[in-house]
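Written out below as structure tokens is the structure these notes cover.
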Amino acid sequence: MGNSSWKPKKSPKSLDMTEENFWLMKSEPNAYSIETLKNDEVTLWDGIRNYQARNFMRKMNKGDKVFFYHSNCKPPGIVGLMEVIDLNIIDPTQFDKDSKYFDPKSKPENPRWDCVKVKYLSKSDKILSLPELKNLFSEDELLVVKKGNRLSIIPVQNDTAKILLEKI
DNA sequence: GCCAACGTTGGC
DNA sequence: GCCAACGTTGGC
């Protein structure tokens, strides 16, 4: 449960009507879990190799809230909340030959992949399971949790986000 | 620039 | 382990 009393921020950037305040990002807990983030406190959301997901990260603002979703596990669902604290960071793993995210087609003079930095806010007492999310999400939002969908980042509408915040 | 083949994701 | 639903690749 979050202790916070934050509100959707009113920064100068929010004059931009395309601003999104809430997002959902997926990670397999085997690869990176909410517990790991809690220990790390801060992490780079690197390794995203899907253009649409990358483009969503490019639309993020500092202070945006992100629902952390555990995928490919039992049970899948939202397990916590984090906050975007830094933007437009070149993903270092694309140039790391030892990384599973190494991209030989990406050149340092023209990097293909970038990402955001997030910080831990809270871990849910109880997982918000996929069946529950299917009832709460709009059609667009369901795209991220659809079977076989490779999109791992999606904007969450404010109305949906308010409901989710009550439940995590 | 089409599209068939292929690889990956991820719930079930 | 199955397989639907995608994104990517590459021959033409």
Side-chain angles (χ1 to χ4, degrees), chain A residues 18 20 22-40 43-60 64-84 87-118 120-157 159-168:
Chain A
T18 63
E20 304 278 356
F22 298 98
W23 307 85
L24 181 149
M25 301 204 292
K26 289 197 283 195
S27 177
E28 301 190 8
N30 286 342
Y32 197 86
S33 72
I34 186 74
E35 286 81 9
T36 313
L37 177 62
K38 186 176 182 179
N39 286 331
D40 292 350
T43 196
L44 212 55
W45 207 261
D46 54 15
I48 300 299
R49 295 294 179 268
N50 172 291
Y51 288 106
Q52 200 178 343
R54 183 205 63 184
N55 293 342
F56 280 140
M57 281 197 288
R58 290 181 173 179
K59 293 172 83 174
M60 291 180 182
D64 284 1
K65 302 299 182 295
V66 184
F67 298 99
F68 194 135
Y69 179 94
H70 275 178
S71 66
N72 206 8
C73 60
K74 288 188 294 187
I78 289 174
V79 293
L81 193 66
M82 45 196 176
E83 178 181 332
V84 177
L87 309 172
N88 304 317
I89 302 163
I90 292 172
D91 182 341
T93 63
Q94 67 194 306
F95 304 124
D96 178 2
K97 286 196 172 68
D98 296 328
S99 169
K100 63 179 285 199
Y101 301 116
F102 175 66
D103 182 355
K105 293 178 182 172
S106 184
K107 297 286 172 269
E109 59 272 21
N110 186 23
R112 192 176 286 202
W113 306 108
D114 48 80
C115 57
V116 296
K117 189 180 283 185
V118 294
Y120 171 85
L121 286 186
S122 64
K123 177 175 178 292
S124 309
D125 297 327
K126 178 181 163 297
I127 188 166
L128 224 183
S129 74
L130 179 57
E132 292 178 85
L133 294 177
K134 283 178 174 169
N135 291 327
L136 297 171
F137 276 178
S138 67
E139 284 297 311
D140 283 350
E141 290 159 339
L142 279 176
L143 287 177
V144 80
V145 292
K146 230 171 73 179
K147 181 181 177 186
N149 199 302
R150 302 180 65 187
L151 194 57
S152 62
I153 299 175
I154 205 163
V156 176
Q157 293 155 21
D159 290 350
T160 311
K162 288 196 183 83
I163 299 169
L164 297 180
L165 289 171
E166 298 292 321
K167 292 176 176 289
I168 66 170

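The chains referred to below are lettered A, B, ... by the order of the sequence lines, with proteins before strands, and numbering in each begins at 1.
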Please identify each residue that fulfils ring-ring contact (aromatic ring centres under 6.0 Å, His included) with A/Phe68, with sequence neighbours left out. A/Trp45, A/His70
Partner residues of A/Lys107 under the side-chain contact (heavy atoms from CB on, under 4.5 Å) criterion, sequence neighbours left out: A/Glu109
A/Ala53: which residues meet the side-chain contact (heavy atoms from CB on, under 4.5 Å) condition with it, sequence neighbours left out? A/Ile48, A/Asn50, A/Leu151, A/Ser152, A/Ile153
Can you give one letter per nucleotide of nucleotides 6-12 of chain B, 5' to 3': B if a protein heavy atom sits under 4.0 Å from the base, S if only from the sugar-phosphate, - if neither? -BSBBBS
Can you list everything that forms a side chain to side chain donor-acceptor pair (under 3.5 Å) with A/Tyr101? Sequence neighbours excluded, please. none
Could you tell me which residues satisfy side chain to side chain donor-acceptor pair (under 3.5 Å) with A/Asp114, sequence neighbours excluded, listed by chain and number? A/Arg58
Hey, does A/Lys105 reach any base, or is it just sugar-phosphate, or nothing, if we go heavy atoms under 4.0 Å? sugar-phosphate
